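So the structure is just underneath, and the comments pick up after that.
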Amino acid sequence: MKLKELLKNILSEEELEIAPSSFDVVGDIAIIDIPKELEKKEKKIAEKLLEFKQINTVLKKEGKVENEFRLRKLKYIAGEKKKETIHIEYGCRFKLNLEEVYFSPRLGSERERIVSQVKEGEKVLVMFAGIGPYAIQIGKKTKAKIVYAVEINPKAVKYMEENLRLNKVQDKIKVFEGDVREVVPRLKEKFDRIVIPLPKRGENFLDVARKVAKKNAMIHFYTFADSKEKAVENIDAKIKVLEVVECGSYAKYSSRYCVDFIFG
Ligand SMILES: C[S@@+](CC[C@H](N)C(=O)[O-])C[C@H]1O[C@@H](n2cnc3c(N)ncnc32)[C@H](O)[C@@H]1O
């Protein structure tokens, strides 16, 4: 249902104009972006969202996604007072605290796209692994031989380890806490597939990826850009592009792209 439709009875015409047209749902928590002008009505808006059976808590976005861990402050508005939940994505369960770790429910179908490409026996590296959505789905749904997952936020690593147990994939995934730049060279491994989901600064780690990529390894590189061409231009390396996929908006004129490529 359109959110504005739901808010019709509690907001004036002018308020509806500036009201958000959508919200995210992670597990049983709704996350909404409420403009300053509607702050006085935020409790009423949140109570409307609680009418959805699936939603038990409403949080409001405060500020931008920031810092190395890609976190954002969230203010509790209504429902059960909590910031931790379990999100189900394509049959996998992910426990997380929304303020302590990065997670975007909007990337579910993009992760499925990657999962569907993984072939039997592959060694896969997921850099910037967060709470493990890529690594765990690959570990659970494909015949990959092994998945290595590297993440610097200790709280995300704690949740990733718990999520391995929740999804019973402990024997397929090795988790490493630390900086990709330091951890990956120490693995002494080469990979058939490398996922680089750090759209703001991923290009700074392409040298690390190149050193551990097998010949013709598939690289899934995420970046923000305003066109497919610009997304490829963000990669300052000799590569052969196989596919460029738009997978979500970022700012008004910018989108998140995944460039699938092999090093040339
Ligand atoms: C955009 S999030 C992606 C998380 C996860 N792949 C997902 O899709 O939910 C980027 C993640 O990279 C981690 N990170 C940032 N810099 C890092 C580094 N140098 N080494 C390892 N992890 C890093 C952050 O803590 C964050 O969890």
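All ligand and atom numbering here is 1-based and tracks the order in the structure. Given the structure is predicted, the values throughout are model-derived calculations rather than measurements. Residue numbers run from 1 in the order of the sequence given.
K61 NZ: more than 12 foreign heavy atoms inside a 6.0 Å radius. D236 CG: 12 or fewer foreign heavy atoms inside a 6.0 Å radius.
Classification of the Y148-F191 ring pair by plane angle, with boundaries at 30° and 60°, yields perpendicular.
Using a cut-off of 4.0 Å between Lys/Arg side-chain N and Asp/Glu carboxylate O, K75 and E62 are scored as not salt-bridged.
Annotation: cation-pi geometry satisfied between R181 and F205 (NZ/CZ under 6.0 angstrom from ring centroid, within 45° of ring axis). Relative to the six-membered ring of Y102, R70 misses at least one condition, a distance below 6.0 Å or an angle of at most 45° to the axis.
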Once you restrict both partners to nitrogen or oxygen, which atoms of ligand 1 have a protein partner under 3.5 Å, and how far apart are they?
residue, atom, partner, partner atom, Å
ligand 1, 6 (N), F128, O, 2.9
ligand 1, 8 (O), R111, NH1, 3.1
ligand 1, 16 (N), R201, NH2, 3.4
ligand 1, 19 (N), D179, OD1, 3.0
ligand 1, 20 (N), V180, N, 2.9
ligand 1, 22 (N), I152, N, 3.2
ligand 1, 25 (O), E151, OE2, 2.6
ligand 1, 27 (O), E151, OE1, 2.8
ligand 1, 27 (O), E151, OE2, 3.2

